2 protein chains.
Amino acid sequence: MHKATEQLSVYLAGQGLKSTRQRDRILDVFVSAGRHLSAEELYLLIRKTDRRIGYATVYRTLKLLAGAGLAHERRFEDGITRFEYDAAEGHHDHLICTRCGRIIEFENEQIEDLQLRVAKKNRFQVQTHKLELYGLCEGCQSKKGKTEL
Amino acid sequence: MHKATEQLSVYLAGQGLKSTRQRDRILDVFVSAGRHLSAEELYLLIRKTDRRIGYATVYRTLKLLAGAGLAHERRFEDGITRFEYDAAEGHHDHLICTRCGRIIEFENEQIEDLQLRVAKKNRFQVQTHKLELYGLCEGCQSKKGKTEL
DNA sequence: CTGCAATTGAAAATGGTTATCAAAATCATC
DNA sequence: GATGATTTTGATAACCATTTTCAATTGCAG
Ligand SMILES: [Mn+2]
Ligand SMILES: [Mn+2]
Ligand SMILES: [Zn+2]
Ligand SMILES: [Zn+2]
């Protein structure tokens with residue numbers, strides 16, 4: 001039993017919720033993928049080995065995982081909600097290629113500090129934040145053509 | 001004729017597009033509002049003095065204004081697209097109150113510089129970026145209750 | 001004016017996501 | 001292991017912001 005599966009069990013038990021084949025399966029495929037996934041992408045991945053899982057269940061379970069702290073919800077500019085497995089590594093932000101969709105992650109303590117300073121100056125109490133840089137990844141800078149996002 | 005109206009005329013002429021009562025009206029109300037507006041909010045504002053304007057036209061015209069460089073499209077976490085009039089003052093980012101929806105704008109050159117440094121380190125060519133801090137504005141920090149966004 | 005391309009408004013379509021609800025599964029208790 | 005209250009599931013409909021459609025109207029060059 002992986003760490004994630006264990007964590008989900010604990011969460012479900014604590015909330016008086018039930019452990020199901022679907023929830024275990026969805027979490028397993030989600031964690032294995034190891035990347036940002038939309039509900040549909042995850043649904044299609046799971047379908048490859050298990051056709052007895054409904055679309056709505058994937059949506060519901062992703063929300064559940066987010067509530068359990070196992071997934072983070074991300075909404076980039078294309079309007080599609082994606083989730084990423086979060087093994088509690090800590091916060092990070094994103095570089096998003098507008099041509100191929102590639103996502104690069106980064107952390108920058110200096111920027112985080114400056115954000116808090118800006119908030120303080122405006123007497124604003126920060127709960128969360130979002131920093132996304134859109135542009136061309138290394139591989140896409142040489143190619144020609146229109147963007148994807 | 002305001003600066004914005006003038007700018008729209010020039011844009012339309014240059015693109016072989018036509019000047020219409022609707023476009024002038026929408027731009028006028030949009031600029032006068034002086035804040036971030038969704039298509040629906042703008043539609044309702046216009047309705048107060050002119051009932052001969054369609055919903056679709058407001059959507060289309062906002063896109064047009066964005067293309068003309070007169071409006072900036074913003075998508076915050078509530079999923080509704082908003083537009084703000086941009087009198088070419090330059091770029092800014094946002095603090096967004098999750099309780100009352102208030103939007104505070106800020107500019108921070110240091111953060112912008114650090115963003116470019118992060119991009120460079122990842123050999124990423126930045127086109128645009130988005131920095132949003134979500135939390136409680138001064139007035140909402142004292143009050144109790146649930147959030148809006 | 002005239003003619004034609006651009007524009008409009010009402011309504012239907014779209015697309016991602018959520019709600020509904022009857023059937024099935026889970027699990028504490030016997 | 002059987003029972004039964006409660007939760008979960010899957011198919012489908014509903015939702016809702018936005019876009020598309022298309023016939024009627026309008027702008028404007030000639
Ligand atoms: Mn990430
Ligand atoms: Mn703004
Ligand atoms: Zn790329
Ligand atoms: Zn507030």
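Throughout, a chain's letter reflects where its sequence line sits, starting with A, and its residues are numbered from 1. Fair warning: this is a prediction, and the values are worked out from it, not measured in the lab.
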For A:H94 and A:E132, run side-chain hydrogen bond (donor to acceptor under 3.5 Å, both in side chains): C-alpha distance rounded to whole Å, both residues' side-chain angles, the deciding distance at 0.1 Å, then the answer.
CA-CA 5 Å; A:H94 300 88; A:E132 293 158 7; 5.6 Å; no
Rounded to whole Å, please give me the gap between [atom1] in [X] and [atom2] in [N].
| X | N | atom1 | atom2 | result |
| --- | --- | --- | --- | --- |
| A:Y43 | C:dT17 | OH | P | 15 Å |
| B:D24 | D:dG27 | CG | P | 10 Å |
| A:L42 | C:dT17 | CG | P | 12 Å |
| B:L62 | D:dT18 | CG | P | 10 Å |
| A:Y55 | C:dT18 | OH | P | 12 Å |
| A:I80 | C:dT18 | CD1 | P | 13 Å |
| A:R52 | C:dA23 | CZ | C1' | 16 Å |
| B:R60 | C:dG9 | CZ | P | 8 Å |

OP1 or OP2 of [N] sitting under 4.0 Å from any side-chain N/O of [X]?
| X | N | result |
| --- | --- | --- |
| B:T81 | D:dT18 | yes |
| B:K63 | D:dT19 | yes |
| A:Y59 | C:dT18 | no |
| A:Q22 | D:dG10 | yes |

Does a salt bridge link A:R82 with A:E73, judged by any charged N lying under 4.0 Å from a carboxylate O?
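Answer for the salt bridge query: no.
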Determine the contact category for A:R23: base if any of its heavy atoms lies under 4.0 Å from a base atom, sugar-phosphate if only primed atoms, P, OP1 or OP2 are that close, otherwise nothing.
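A:R23: backbone/sugar contact only, no base atoms under 4.0 Å.
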When all nucleic acid strands are considered with a 4.0 Å heavy-atom cut-off, which category describes A:S19: base, sugar-phosphate, or nothing?
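Sugar-phosphate, backbone atoms only, no base.
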Say whether A:H92 and A:E107, considering side chains only, have a donor N or O and an acceptor N or O under 3.5 Å apart.
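No.
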Using 30° and 60° as the class limits, which term best fits the ring planes of B:F76 and B:H36: parallel, tilted or perpendicular?
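It falls in the tilted class, 30° to 60°.
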So for A:K18 and D:dT6, does any side-chain atom that can act as donor or acceptor lie under 3.5 Å from a complementary atom in the base?
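Side chain to base: pair present.
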Should the side chain of B:R21 and the base of D:dG27 be counted as holding a donor-acceptor pair, with the cut-off at 3.5 Å?
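Looking at the base of D:dG27, it does not pair with any donor or acceptor on the side chain of B:R21 (distance under 3.5 Å).
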Check whether A:R23 reaches the backbone of A:K18 with its side chain - one donor and one acceptor, N or O, closer than 3.5 Å.
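Yes: the side chain of A:R23 pairs with the backbone of A:K18.
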Between B:T20 and B:A56, name the one whose nearest nucleotide on DNA chain D is closer to the 5' end.
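The residue whose closest nucleotide sits nearer the 5' end is B:A56.
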